[in-house]
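No experiment lies behind these values; they were computed from the predicted model shown.
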Amino acid sequence: MTVIKNFLLFITFFTTKLIFAQNEVLDKYPYGQDFYVGGVNQLNKEMVKVVKEKKLLPCEKSEERYNVQILVHENSTIHYVKDFDTVEIQKNKCAFDFSRKIIPRLKNWMPAKVNGKSIGAIAKIEINPFYLVNSKEDPSKNEKKGPTFKKGIKAFGFEVKSIFERFIKKNEDKGVLLTFVVNENGEMEDFKIEGDFFDYEKKEIINSLSKIKGKWNPATFNNIPIRAKVSQPIFQQFDLQIESEEQNKIMDQNFHNNIYR
């Protein structure tokens, strides 16, 4: 009886492997291959067309987006790949729902090719409702501009440098990354500091940064103000001259102390 059971298990296992082999799926497209006829720009064109035809509205939060994964079968039909990240879906629910209104109306999917044979593969597409709603009919003609400090970026850099210098007291190589967001109104917010500082120092630095006088021209997408993240790296290099001067001061002080003992 045991032999028969083992034989049946073997048959079941062999059949399962055979079915899997017949429906092999790549977890991504081979390098250089498009998953849509005409490439990504044509896909964007058709998504914009669908959005305008259906008169879809953008999400309340302009930064909301969702990365949808689609299995493109060898016969060019598609299925959604199950997304188990329910937290991320809930966080971007509007963009998730937006993707479900667009994807079914797109018809020109292309399967992957391996050795000249069509094979199923997973395509990953970012759905950005704000971008699609406010895009030109030809997305390649969209106009994007980054944020600019009205007094000039050099003036802003000088302000930032002077603030950090109050907290970087040692003569040493040191790298700091400052990131913040310039919102639609040209105001700075969401400061973050990556570097070797105590938490209380970071709070003091951020407090000083938030008081920098002067406003920003916000970033724009087709002349529409948008939020934009800004990164400002700050470097301090070890200065041998300064180090030499500090050593001389220490030697002079020691010499002075020895004389008056």
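I212 is connected to W216 through a chain of hydrophobic side-chain contacts under 4.5 Å among Ile, Leu, Val, Met, Phe, Trp and Tyr, so both are in one cluster. M110 and I122 fall into different hydrophobic clusters, defined by Ile, Leu, Val, Met, Phe, Trp and Tyr side-chain heavy atoms under 4.5 Å apart, directly or through other members. Put simply, M188 and I226 are part of two different groups of oily side chains (I, L, V, M, F, W, Y) that touch within less than 4.5 Å, one to the next. Hydrophobic clustering of Ile, Leu, Val, Met, Phe, Trp and Tyr side chains at less than 4.5 Å, counting indirect connections, unites I153 with V176. Cluster membership for I125 and L71, using ILVMFWY side-chain heavy atoms within less than 4.5 angstrom, is not shared.
Heavy atoms from other residues, nucleotides or ligands lying under 6.0 Å from CD of E60 number 12 at most. Residue K144 qualifies as open at atom NZ: its count of foreign heavy atoms under 6.0 Å is 12 or below. Within a 6.0 Å radius of CG in D199, no more than 12 heavy atoms belonging to other residues, nucleotides or ligands are found. Summarising the local packing, NZ of K202 is surrounded by more than 12 heavy atoms from other residues, nucleotides or ligands at distances under 6.0 Å.
Proximity of L178 to I205: side-chain heavy atoms (C-beta onward) are nowhere separated by under 4.5 Å. For the pair L57/V133, no side-chain contact is recorded, criterion being any heavy-atom separation below 4.5 Å from C-beta on.
With N92 contributing its side chain and E88 its backbone, the two residues share a donor-acceptor pair below 3.5 Å. A side-chain donor-acceptor contact under 3.5 Å links E64 to the backbone of A95. In this structure, the side chain of N185 does not engage the main chain of E187 through any donor-acceptor pair within 3.5 Å. For the pair S76 (side chain) and W109 (backbone), a donor-acceptor distance under 3.5 Å is present. For the pair N134 (side chain) and N222 (backbone), a donor-acceptor distance under 3.5 Å is absent.
E46 and Y36 share a side-chain donor-acceptor pair at under 3.5 Å.
Note on ring orientation: taking the six-membered ring where Trp is involved, the planes of H73 and H79 are perpendicular (angle over 60°, cut-offs 30° and 60°).
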Steps toward salt bridge (charged side-chain N to carboxylate O under 4.0 Å, His left out) verdict (K136, E143): CA-CA 9 Å; K136 296 183 178 181; E143 298 176 1; 3.5 Å; yes
Salt bridge (charged side-chain N to carboxylate O under 4.0 Å, His left out) assessment of E137 paired with K52: CA-CA 9 Å; E137 290 186 7; K52 294 188 184 304; over 6 Å; no
Residues K113, S118; criterion side chain to side chain donor-acceptor pair (under 3.5 Å); working and verdict: CA-CA 5 Å; K113 295 279 188 179; S118 295; 3.1 Å; yes
Test side chain to side chain contact (heavy atoms under 4.5 Å, CB included) applied to F156 and Q232, step by step: CA-CA 10 Å; F156 178 74; Q232 176 79 45; 4.1 Å; yes
Side chain to side chain contact (heavy atoms under 4.5 Å, CB included) between L26 and V114, intermediate numbers included: CA-CA 10 Å; L26 302 178; V114 176; 4.0 Å; yes
Stepwise side chain to side chain contact (heavy atoms under 4.5 Å, CB included) test for R166 and S208: CA-CA 11 Å; R166 299 204 301 266; S208 296; 3.1 Å; yes
Test log, rule side chain to side chain contact (heavy atoms under 4.5 Å, CB included), inputs F35 and I70: CA-CA 10 Å; F35 53 79; I70 295 168; over 6 Å; no
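The line from CG of D27 to CD of Q69 is 9.5 Å long, rounded to the nearest 0.5 Å. Between atom CE of residue M47 and atom CD of residue Q42 there is a gap of 11.0 Å, rounded to the nearest 0.5 Å. Separating the CD1 atom in I206 from the NZ atom in K192 is a distance of 8.5 Å, to the nearest 0.5 Å. Note that CD of E201 is 9.5 Å distant from CD1 of I193, once rounded to the nearest 0.5 Å.
Across all non-hydrogen atoms, the minimal contact from F130 to P58 is CA-CB, 4.3 Å. Taking every heavy atom of both residues into account, R227 and D190 meet most closely at NH2-OD2, 3.2 Å. Across all their heavy atoms, S135 and N142 have their closest contact at OG-ND2, 3.1 Å. Contact record, Y29 with D34: CE2-O, 3.7 Å, taken as the closest heavy-atom pair. Here the closest non-hydrogen pair linking P104 and S99 is CD-O, 4.3 Å. The two residues P111 and I119 come nearest to each other via the heavy atoms CB-O, 3.8 Å.
With respect to the salt-bridge test (charged N to carboxylate O, under 4.0 angstrom), the residues K117 and E74 do not qualify. We find that K213 and E159 are not joined by a salt bridge, their nearest charged nitrogen and carboxylate oxygen being 4.0 Å or further apart. Ion pairing between K101 and D97 fails under the 4.0 Å rule for side-chain N and carboxylate O.
A cation-pi contact links R100 to Y80, judged by a cut-off of 6.0 Å to the six-membered ring centre and 45° from its axis.
Among the candidates N41, L132, L43, the single residue satisfying the side-chain contact (heavy atoms from CB on, under 4.5 Å) test with P139 is N41. Exactly one residue among V68, I89, I127 makes a side-chain contact (heavy atoms from CB on, under 4.5 Å) with F96. That residue is I89.
Aromatic rings from Y66 and F98 are positioned such that their centres are separated by 6.0 Å or more.
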